[in-house]
2 protein chains.
Amino acid sequence: MCPEPAHIPKRESGDERRIAIARAARALIIEKGLEGLRTRDIAERVGINIATLHYHVPSKEALVALVAASLRDDFKAQALRHPKEGLDAGAQLRQEFNEFREIVAEMPELIGVLSELVDLSRRDPTIAEIILPMQAFWTGQFTKIFRTGIDDGSFRPNIDPAAAAIIVTAALSDCWRPHRRASLEPVIAELERAFLLPVSNQG
Amino acid sequence: MCPEPAHIPKRESGDERRIAIARAARALIIEKGLEGLRTRDIAERVGINIATLHYHVPSKEALVALVAASLRDDFKAQALRHPKEGLDAGAQLRQEFNEFREIVAEMPELIGVLSELVDLSRRDPTIAEIILPMQAFWTGQFTKIFRTGIDDGSFRPNIDPAAAAIIVTAALSDCWRPHRRASLEPVIAELERAFLLPVSNQG
DNA sequence: TCATCAATCAATCATTTGATTGAGAAAATG
DNA sequence: CATTTTCTCAATCAAATGATTGATTGATGA
């Protein structure tokens, strides 16, 4: 079923409220952590009653799932923002780095909340179902890039694509933490040196 | 002599109790996450009353700090278990990898709890004071190794030691997660290829 | 033997917290 | 307008939870 195409807009729609709730929840997860997340705080930040919150999101469990889904949606939207067809492997890798820079700049809480939910996925199958495919997608993007780069000779030939992809995503995620934020650019530069072959004098 | 009569509830010294409490708390943090950690559960696992728990550890905050300190102690003990003097840089790097393998094998919860507390350090200065120096120590070990390896010519000469250390520690920590555990060896192998120079055909 | 103190527990407290109820307001519908 | 549906809130509940109290137990030393 597609979303209703040319229907008349409702009043303050439930969808908008749910988006506002997810946004507030994400901010609060960053501020207080998953263990400090309270439905009352979310309602207050959105500016609604706790009962209204429960009208739109039936339970706290569903709320965390909503947050997970919102992360996935934002992440996919970001991944589709930049075309990667026709680029060589090195350019694709740099494009991925740029996308990460944009995420850190424009949705600074995304990686942090994602990191908390990846932990949560260990013990919550509902969340795992949303988060793990998303993580697999991100790692998979790098894996494909590494395969391409090995094939066209621009990357170090003895790379293990899957292992390298884990290293890259783990390093980038780590640089999201405040006390590591300043290291993002040096880390990206080091990752390039680690996997790209030095360019000889090319035109 | 110290044989233990099994059926008699033995009274333990304060230090022993605190160690048992920290151990139980670590296990429960892995099972339920920091957000699912309950003082009652800890007391039950240790086999003591909730009031006794509060006698030994005054508050939940202090309890988490106790866990952080126990992580630090275990981590330092492990770091001192293997001598690294006199080894060349490559051997030191492999020694660090071996220590990590031992931690994963012998204290499988250490890295996971550490990861949760690193997150917590973002918002809790008391925990940050314990955890961040510990993290800095670990990263610093790798930084020193990379400097040594660059100097003696066994590592890729254009390594940024600090950035490379972040990459290594982030990648290892990431491999602690259950769905990444199988990737530990490939990731370690890839890290070696990324930073060590090929040894045989060099010349 | 007895006084002292660390260690322990049953019972309970005071909040916090996720969730519900029932009533009502504000659109949408006819 | 009347009716229905959607959305909202004040009040409240029941359970969970961190913490405390007051009494008890066992070890130690004088």
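The sequence lines fix the lettering, A, B, ..., with proteins before strands; numbering per chain opens at 1. The figures here come from the full heavy-atom set of this structure, side chains too, leaving out hydrogens, waters and symmetry mates.
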Exercise for the section: Would you mind reading off the distance between B:I48 atom CD1 and C:dT8 atom P, rounded to a whole angstrom? Expected result: 7 Å
Problem - Out of D:dT6, C:dT8, C:dG18, whichever nucleotide has its closest atom nearest the side chain of B:T52 - result: C:dT8
Completion exercise
Regarding the side chain of A:Y55, the nearest nucleotide among D:dC9, D:dC7, C:dT20 is D:dC7
Exercise for the section: Give the rounded distance in Å between these two atoms: CD1 of B:I42 and C1' of C:dT8. Expected result: 18 Å
Problem - 5' priority, DNA chain C, between A:R38 and A:N49 [closest heavy atom] - result: A:R38
Problem - Heavy-atom side-chain contact between A:L117 and A:L34 under 4.5 Å - result: yes
Practice task
Measure from NZ on A:K60 to P on C:dT16 and round the result to the nearest Å.
Solution key: 15 Å
Fill in the blank from the handout: Between CD of A:E35 and C1' of D:dA16 the distance, given in whole Å, is 17 Å
Practice task
Give the nucleotide from the list D:dT20, C:dC9, C:dA7 with an atom nearest to the side chain of B:H56.
Solution key: C:dA7
Exercise for the section: To the nearest Å, give me how far apart CG (A:L37) and C1' (C:dT16) are. Expected result: 14 Å
Exercise for the section: Tell me, yes or no, whether the heavy-atom count around B:E44 atom CD, taken from other residues, nucleotides or ligands under 6.0 Å, exceeds 12. Expected result: no
Problem - B:R122, CZ atom: more than 12 neighbouring heavy atoms under 6.0 Å - result: yes
Handout entry: Interatomic distance where CD belongs to A:E16 and P belongs to D:dC7 [whole Å]
Key = 10 Å
Problem - Euclidean distance, atom NE2 of residue B:H54 to atom C1' of C:dA6 [Å, nearest integer] - result: 18 Å
Exercise for the section: In whole angstrom, give the distance that lies between atom CG of B:L53 and atom P of D:dA19. Expected result: 9 Å
Practice task
Indicate whether OP1 or OP2 belonging to C:dT8 is found under 4.0 Å from a side-chain N or O atom of B:R17.
Solution key: yes
Problem - Check: B:H82/B:E102 side-chain N/O donor and acceptor closer than 3.5 Å - result: yes
Practice task
Just compare D:dT8, C:dA19, D:dA19 and give me whichever is closest to any side-chain atom of B:I50.
Solution key: D:dA19
Exercise for the section: Between A:A51 and B:T39, just flag the one whose closest nucleotide in DNA chain D comes earlier from the 5' side. Expected result: A:A51
Practice task
Could you check which of C:dT20, C:dT12, C:dG18 has an atom nearest any side-chain atom of B:R40?
Solution key: C:dT12
Practice task
Answer with yes or no whether the side chains of A:Q135 and B:H179 bring together a donor and an acceptor at under 3.5 Å.
Solution key: yes
